[in-house]
Chemist: 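Submitted below is the structure of interest, expressed as structure tokens.
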Amino acid sequence: MGFSTSVKRCGKMLRSGVEAGLFVALLSTLSIVTTAAQEPGDYPMPLDPASSFHPSIVPDHDSALSLEGMGGGDLPTFVIHPTDAYIVKNRPVTLTCKATPAIQIYFKCNNEWVRAKFHKHFDSTDPETGVSYKQTSIEVTKAEVDQRLEETGENFFCLCVAWSSEGSSRSEEATVQIAYLRKDFILEPISQGVPNETPVQLQCRPPEGVPTPEVVWLKNDEEIQVDLDINFIITNEGNLIINQARLSDTANYTCVAKNIVTKRRSVTARVTVYVNGGWSTWSTWSECNSQCGRGLMRRTRTCTNPAPLNGGATCDGDPVQRAECTTLCPVDGGWSEWSKFSACGRDCNNWRRRECNDPPPQFGGRYCIGDNMETRNCTGGLCRVASARSEDNLALYISLVGAVTVFLLVCLFIIVVWWRKNRHSDHSYVAQPDLTRSTGNVRGFPVMPTLAFSDDKIPMTMSPLHSNNSLKIKVVPPDVPMTRPITPSNRSATPSNMSTLQRNAQIMSNSLPDMQPSTPEMSDVGTSTRRPSSIYDAENLAKILPSYVDPAFAACGTIGAEGGRLAIQESGVSLLIPSGAITDGHTEDIFIAVLREEKDRPKMNAKQTLLGPVVAVGPHGLHFRKPVIVTFGHAAGLRERNWELTLLSSESHPNRSPSWQNLVLIGEETLNTTAYCQVDERDCHVMVEHLSSRYALIGQSAPATQAVKRLRLAVIAAPLQPSGDYNFRVYCVADNSDELEGVVQSEAMLGGQMLDTPKILPFKDNGRDLCLSIEETLPGWKSRLGANFQEIPFHHVWGSSQTGLHCSFMMERTDPQIQMVTARIQVFQGSPEEERQSLNITASVSREGRMPQTTPSLRHKREPTLLRSESDLAIPKAPQTPAEVFRLPPAVRASLRGCLDIPNVKGNDWRGLAKRLQVDRYINYFATKPSPTDHILDLWEARNRDDRAIEELILVLKDMGRSDACLLIESGVSTPLVA
């Protein structure tokens with residue numbers, strides 16, 4: 001009772017302003033007295049007298065509570081609580097706590113007070129708030145923890161008790177454990193083989209340990225980053241799951257368990273991803289093996305779609321299929337009866353004939369043996385042959401004299417023409433040679449001259465797609481307008497049985513009397529070579545272009561290791577040969593062409609449609625060291641993403657009918673796909689290392705959707721004549737550059753003109769026909785037979801392989817005085833309420849009897865009044881040089897490869913570049929290449945042909961955070977760059 005009264009009095013003294021030092025001294029004295037007054041059993045004592053847990057001067061909790069009411073203030077608040085700790089390799093751990101306001105802090109471990117001498121106290125004051133803190137810490141050794149475990153089998157734990165004038169507070173408990181990790185795994189992974197694109201699970205249970213070990217997985221001794229590759233998952237139990245096994249996932253996998261003590265490795269498990277084989281499509285049937293009668297024919301298939309890999313199963317079934325066939329037996333020819341002998345000739349002989357037609361040889365039978373003519377003397381030796389020979393010689397002499405006379409007259413005529421030409425040099429015109437540079441020995445082709453047209457009218461009954469090779473070519477001055485149709489009467493003497501190549505060569509040699517360059521600068525092709533300016537190299541051209549390729553629709557040249565580009569600009573078709581695609585020191589004669597004949601187009605089912613031109617590339621079978629890029633336009637409307645696109649190729653010999661096969665099913669590529677197809681909004685880019693003879697892009701609607709195919713509409717007609725009817729044609733072709741270009745070239749032969757700017761109409765795969773109607777016709781004209789409305793069946797537009805699909809309208813003149821015509825054509829699909837396009841017709845008769853020069857042009861660079869003539873396209877285009885083609889110099893590309901080929905955690909390497917350039921649809925194609933960056937940049941060169949390509953590439957790299965790559969380009973490319 002007296003002790004409690006004394007404590008309360010001390011509290012009053014503190015509140016009345018007695019110095020705190022006197023209070024603390026008194027408190028210590030009272031604590032000693034109280035300790036002496038307590039019974040020994042009041043303080044839990046450790047069994048080991050040497051232990052640190054002995055409260056020699058520390059009051060127990062009950063005594064501390066007796067301080068309540070000693071003065072103003074708050075209970076202590078712990079700022080730092082002791083935390084769980086682990087003893088690693090006999091190293092002691094330190095437990096710390098910190099509180100305010102606090103007079104004293106002591107630890108209590110395992111419900112026993114820790115001796116005061118083992119405490120370390122530290123007082124501090126916050127300089128900003130002036131709050132005082134008391135901090136206390138102790139060390140716990142491995143021996144103390146082991147003793148606790150041996151005696152009780154329980155964990156070692158501690159807490160802090162802090163006192164203030166208002167009482168005491170306890171901290172949170174902290175547990176101290178001895179850290180360890182055992183050697184043996186509970187469950188280890190097992191090697192296994194799995195099919196491609198199937199899930200895999202590798203099991204792992206780590207060994208026991210404190211703290212609980214963390215599990216990571218190694219792939220070929222490199223840690224798997226599950227946050228970077230979503231194909232990998234590590235479960236809470238430690239198992240590894242591969243969502244979809246890829247060929248690249250074939251590797252050695254190891255489970256690793258680690259904590260603060262050490263780490264353990266499991267046995268290594270081998271995962272083998274295999275591919276089961278699949279059959280290719282059947283080949284075409286072979287010829288019948290019997291030359292006469294019944295026999296067998298065969299076709300084959302190979303287990304290459306895909307080929308078995310990594311122990312995958314081979315294909316089930318037979319690789320060869322046989323079928324019976326019948327071959328008609330050969331019939332040998334037989335002679336007919338001899339005819340009667342002819343009358344006796346001046347050579348004293350008569351003759352008779354017989355034919356090998358009884359029977360004629362058929363089905364490979366032999367031709368008749370012997371002569372089909374027999375001659376005999378018919379005068380009995382009385383004929384005077386010498387006299388007859390004298391008469392023949394006289395006729396020969398007369399013919400020779402006549403020929404010499406004609407030759408001299410021709411020479412005199414040529415001299416007079418040459419003299420007049422030099423006298424009137426101000427009206428002369430010199431055609432400039434083609435001075436395009438190339439990588440290697442590019443064939444030299446002079447520019448074709450301008451066609452001169454006559455006033456003769458071409459019959460409108462002639463098909464616009466029927467070729468007219470009977471053209472007269474004439475060199476005219478540049479200021480003479482090319483506005484008159486071709487004269488049928490002034491046709492050249494080109495034989496009809498000559499090939500297109502030979503006819504072009506003859507036209508060139510006959511129509512270009514003087515092809516010398518007009519200036520010295522234009523005659524210099526390169527630094528060490530000079531191309532001929534007066535020779536059409538038909539012989540060398542024939543070596544590059546196959547016989548089935550028309551030079552008018554082709555580009556060819558000799559390409560070396562530095563690369564180059566072949567382009568048919570009007571058709572939007574090109575071939576990019578990157579640097580390094582051809583072996584150093586070698587050159588290749590390469591061509592690219594457009595095939596427009598119906599026999600060259602693929603046969604399609606009713607659901608499929610041809611979306612681009614048929615492109616021929618050669619020579620057939622040529623292999624490159626790296627992919628080349630074939631580019632052509634397409635007419636697929638891709639905004640709705642409802643197309644199933646397929647790239648076809650033909651491996652047939654170029655001179656045979658094409659046998660089409662699927663090269664790329666776009667969106668379904670696998671590692672066995674040999675090509676990459678990048679389909680942009682209007683162009684298709686195909687990367688191949690092996691040249692097939694032909695390529696074509698087809699498509700059909702995806703299930704439950706209606707794909708949209710873009711149609712380009714154009715109205716073309718001949719000049720309006722002062723009298724007679726007026727015929728015009730409305731073309732409905734696929735919206736790629738080549739389709740309309742083919743129409744332009746065909747109409748050029750008829751003197752046709754574009755009446756309105758071509759329009760684009762979306763054509764849906766809904767089975768509805770394409771409708772055309774004439775409206776707002778000018779008075780004085782009417783549609784013949786009242787045909788103001790026409791329909792083109794849906795399957796003709798969607799599935800037909802016909803070129804130049806069109807409708808013809810005939811306008812009848814009801815007023816003979818009318819000298820102009822206007823009308824409007826509405827084009828729509830199915831119903832007038834659907835989307836439609838209007839084509840305006842305006843034509844009038846000029847003084848010269850031709851259409852005035854107000855019609856729109858197809859392209860800005862084309863003459864605005866006329867379509868191009870056939871001869872303008874008679875020469876194939878030469879290749880572009882590396883300096884004209886490649887925006888990035890070789891040194892810059894090499895630096896970018898070293899910079900971007902190395903993968904990093906951020907992903908702003910070649911993978912980020914592919915994603916930003918939108919070529920990551922099937923990124924595994926680039927991943928399998930030695931340098932993914934190099935191939936991505938090759939495709940970038942083919943896709944970006946405008947002047948801002950370099951600037952846009954730098955912006956892409958800046959968005960990726962690759963300033964180092966931007967600096968490489970800016971320092972190595974001499975092009976104005978963005979800021």
Side-chain angles (χ1 to χ4, degrees), residues 280-284 286-287 299-302 304-307 439-441 443 501 540-551 553-561 563-566 568 573-595 597 599-602 613-632 646-664 672-677 684-697 876 879 925 929 935 938 942:
S280 66
T281 56
W282 286 103
S283 66
T284 56
S286 66
E287 296 181 357
R299 63 177 181 174
T300 60
R301 58 180 178 174
T302 58
T304 57
N305 187 32
T439 305
N441 181 20
R443 313 303 182 194
L501 188 60
N540 289 333
L541 177 60
K543 295 179 181 179
I544 301 181
L545 294 181
S547 58
Y548 67 92
V549 172
D550 192 333
F553 317 134
C556 61
T558 303
I559 308 296
R565 182 173 181 265
L566 299 170
I568 311 173
V573 177
S574 65
L575 173 63
L576 181 75
I577 301 96
S579 175
I582 298 175
T583 306
D584 290 340
H586 292 74
T587 59
E588 296 288 349
D589 291 335
I590 302 175
F591 73 89
I592 185 170
V594 177
L595 305 181
E597 296 188 18
K599 66 180 181 63
D600 294 312
R601 300 196 167 199
V614 177
V615 179
V617 189
H620 174 238
L622 180 62
H623 288 269
F624 295 93
R625 297 177 59 195
K626 61 187 297 192
V628 298
I629 298 100
V630 180
T631 298
F632 53 87
T646 303
L647 179 68
L648 302 180
S649 68
S650 172
E651 294 292 345
S652 303
H653 190 275
N655 292 327
R656 296 182 180 177
S657 297
S659 176
W660 295 97
Q661 295 181 346
N662 294 342
L663 179 61
V664 180
N672 294 316
T673 306
T674 58
Y676 177 80
C677 188
C684 179
H685 309 273
V686 183
M687 301 184 72
V688 291
E689 298 181 18
H690 165 84
L691 291 186
S692 301
S693 60
R694 298 171 177 88
Y695 296 95
L697 181 68
Y925 176 83
K929 302 302 178 184
H935 290 70
D938 288 339

Chemist: Show the nearest heavy-atom pair for residues D584 and A561, with the distance to one decimal.
Modeler: OD1-CB, 3.2 Å
Chemist: Taking all non-hydrogen atoms of both residues, which atom of T284 and which atom of R299 are closest, and how far apart?
Modeler: O-CB, 3.8 Å
Chemist: Any side-chain heavy atom of T631 within less than 4.5 Å of one from L576?
Modeler: no
Chemist: Hey, mind stepping through N662 and L648 against side chain to side chain contact (heavy atoms under 4.5 Å, CB included) and telling me if it holds?
Modeler: CA-CA 5 Å; N662 294 342; L648 302 180; 3.1 Å; yes
Chemist: Could you state the interatomic distance from CZ (F624) to CD (E689), rounded to the nearest 0.5 Å?
Modeler: 10.0 Å
Chemist: Taking CD in E287 as the centre, count heavy atoms belonging to other residues, nucleotides or ligands within less than 6.0 Å. Is the count above 12?
Modeler: no
Chemist: Where is the tightest heavy-atom contact between P658 and K599, given as atom of each residue plus distance?
Modeler: CD-O, 3.8 Å
Chemist: Keeping S280 on the side-chain end and N305 on the backbone end, is there a donor-acceptor pair under 3.5 Å?
Modeler: no
Chemist: Mark yes or no for whether T673, through its side chain, and V664, through its backbone, hold a donor-acceptor pair below 3.5 Å.
Modeler: no
Chemist: Distance from I592 atom CD1 to F553 atom CZ, nearest 0.5 Å?
Modeler: 14.5 Å
Chemist: Applying the side-chain contact (heavy atoms from CB on, under 4.5 Å) test to I559, which of V628, D589, T587, I582 qualifies?
Modeler: I582
Chemist: Evaluate the criterion side chain to side chain contact (heavy atoms under 4.5 Å, CB included) for residue pair V688 and T674; output intermediate values, then yes/no.
Modeler: CA-CA 7 Å; V688 291; T674 58; over 6 Å; no
Chemist: Please report the C-alpha distance between T646 and W660 in whole Å, then the side-chain angles of each, then the deciding distance to 0.1 Å, and finally whether the side chain to side chain contact (heavy atoms under 4.5 Å, CB included) criterion is met.
Modeler: CA-CA 11 Å; T646 303; W660 295 97; over 6 Å; no
Chemist: Do S574 and I629 have side chains that approach each other closer than 4.5 Å (heavy atoms only, starting at C-beta)?
Modeler: no
Chemist: Rounded at 0.5 Å granularity, tell me how far CE in M687 sits from NZ in K929.
Modeler: 7.5 Å
Chemist: Indicate the atoms forming the closest heavy-atom contact of A593 with V549, along with that distance.
Modeler: CB-CG1, 3.4 Å
Chemist: At what distance, to the nearest 0.5 angstrom, does NE2 of H685 lie from CG of D938?
Modeler: 13.0 Å
Chemist: If you take all heavy atoms of S692 and E651, which pair is closest and at what distance?
Modeler: OG-OE2, 2.6 Å
Chemist: Any sub-3.5 Å donor-acceptor pair from S650's side-chain atoms to S659's backbone N or O?
Modeler: yes
Chemist: Has S283 got a side-chain atom pairing as donor or acceptor with T300's backbone, closer than 3.5 angstrom?
Modeler: yes
Chemist: Can you tell me how far CZ of F591 sits from CG of L566, rounded to the nearest 0.5 angstrom?
Modeler: 10.5 Å
Chemist: Mind checking the OG1-NE2 spacing from T583 to H623? Nearest 0.5 Å is all I need.
Modeler: 12.5 Å
Chemist: Could you check whether any side-chain heavy atom of Y695 comes within less than 4.5 Å of a side-chain heavy atom of C684, counting everything from C-beta outward?
Modeler: no
Chemist: Restricting to non-hydrogen atoms, name the atom on L595 and the atom on R694 that form the minimum distance, rounded to 0.1 Å.
Modeler: CD1-NE, 3.5 Å
